[in-house]
Visitor: 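Structure incoming, see below.
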Amino acid sequence: MSANKENKKNLYNLEFIKWFIIAILLFIAVVGNHYYSSVNVYLRILVVITIIAISGGIALLTKKGKYVFNFAKEAKNEMRKVIWPTRQETFNTTLVIILVTIVTSLILWGLDSILVRIVSFITNLRF
């Protein structure tokens, strides 16, 4: 039983070390980009992208990273199953939304105008 607990603790420590390395690498990318601002922009971009890629690779080796990667794969598979609307359906839906928005805004404008007149009428009577 204690060997199982120790194994879990070692795995937790390894995960913590991986995330700590990721944080350090990203910190180095940000600070290094600022510190070496006089260096060629394209070289700095290349270095920052490389550091981010290395950090991403390390993140994929963690438990959370594997979970996120699997989630992205499943989301991609689900996107393939979606039946997307045609161009005409999209156009018609957009027109309906625009019309409903205009009608709703006119109704709210009318109600606001009426309420402003009622409030001004009531406040003028009190003075």
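The shown structure was predicted, so the numbers you read here are calculated from the model rather than taken from an experiment. The analysis underlying the following values was restricted to heavy atoms, covering all of them including side chains, and did not include hydrogens, waters or symmetry mates.
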Visitor: Let me have the donor-acceptor pairs involving side chains of residues 49-56, under 3.5 Å, with sequence neighbours excluded, atom names and distances please.
Guide:
| residue | atom | partner | partner atom | Å |
| --- | --- | --- | --- | --- |
| T50 | OG1 | L46 | O | 2.7 |
| S55 | OG | I51 | O | 3.0 |

Visitor: Tell me, which pairs form a side chain to side chain donor-acceptor pair (under 3.5 Å) where one or both residues lie in residues 24-42, sequence neighbours left out?
Guide: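 Those involving residues 24-42 are N33-R44.
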
Visitor: Name all pairs fulfilling the side chain to side chain donor-acceptor pair (under 3.5 Å) condition that reach into residues 15-27, sequence neighbours left out, sorted by first residue then second.
Guide: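 Every candidate side chain to side chain donor-acceptor pair (under 3.5 Å) pair involving residues 15-27 fails, so no pair, neighbours aside, qualifies.
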
Visitor: Distance-only, no hydrogens or angles: does the T104 side chain make a donor-acceptor pair with backbone N or O of T101 under 3.5 Å?
Guide: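 Such a contact is absent between T104 side chain and T101 backbone.
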
Visitor: May I have the step-by-step check of side chain to side chain contact (heavy atoms under 4.5 Å, CB included) for I118 and I122, ending in yes or no?
Guide: CA-CA 6 Å; I118 290 172; I122 292 172; 3.8 Å; yes

Visitor: Hey, what do you get for CD1 (I21) to CD1 (I28), rounding to the nearest 0.5 Å?
Guide: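 The distance works out to 10.5 Å.
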
Visitor: Out of curiosity, I22 CD1 to T62 OG1, how far, rounded to the nearest 0.5 Å?
Guide: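 Rounded to the nearest 0.5 Å, the CD1-OG1 separation comes to 5.5 Å.
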
Visitor: Evaluate N92 against Q88 for side-chain hydrogen bond (donor to acceptor under 3.5 Å, both in side chains), listing each step before the verdict.
Guide: CA-CA 6 Å; N92 291 339; Q88 188 63 39; 3.2 Å; yes

Visitor: Any chance you could pull the hydrophobic cluster mates of L99, using side-chain heavy atoms under 4.5 angstrom and chaining through other members?
Guide: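 Members besides L99: none; it forms no cluster.
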
Visitor: Between L61 and Y67, is there shared hydrophobic-cluster membership here, with clusters defined by ILVMFWY side-chain heavy atoms closer than 4.5 Å?
Guide: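 Cluster IDs for L61 and Y67 differ.
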
Visitor: Please confirm whether the backbone N or O of F71 pairs with a side-chain atom of E74, one donor and one acceptor, at under 3.5 Å?
Guide: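 A pair under 3.5 Å: no.
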
Visitor: Pick from T94, L95, T93: which one makes a side chain to side chain contact (heavy atoms under 4.5 Å, CB included) with F91?
Guide: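 Exactly one candidate clears the test, L95.
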
Visitor: Please write out which residues are connected to I107 in a hydrophobic cluster, directly or through intermediates, given that two of Ile, Leu, Val, Met, Phe, Trp, Tyr count as joined at side-chain heavy-atom separations below 4.5 angstrom.
Guide: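 When side chains under 4.5 Å apart are linked, the cluster holding I107 also contains V103, L111.
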
Visitor: As an exercise, state the distance from CD1 of I17 to CD1 of I24, rounded to the nearest 0.5 Å.
Guide: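 Answer for the CD1-CD1 pair, I17 versus I24, is 12.5 Å.
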
Visitor: Cluster partners of F16, using ILVMFWY side-chain heavy atoms under 4.5 angstrom, listed by chain and number?
Guide: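 F16 shares its hydrophobic cluster with no other residue.
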
Visitor: Provide the closest heavy-atom pair for G65 versus L60 in the form atom of the first, atom of the second, distance.
Guide: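 Heavy atoms of G65 and L60 come nearest at O-CD2, 3.8 Å.
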
Visitor: Does a side-chain heavy-atom distance below 4.5 Å link L25 with I58?
Guide: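 Answer yes - side chains close enough.
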
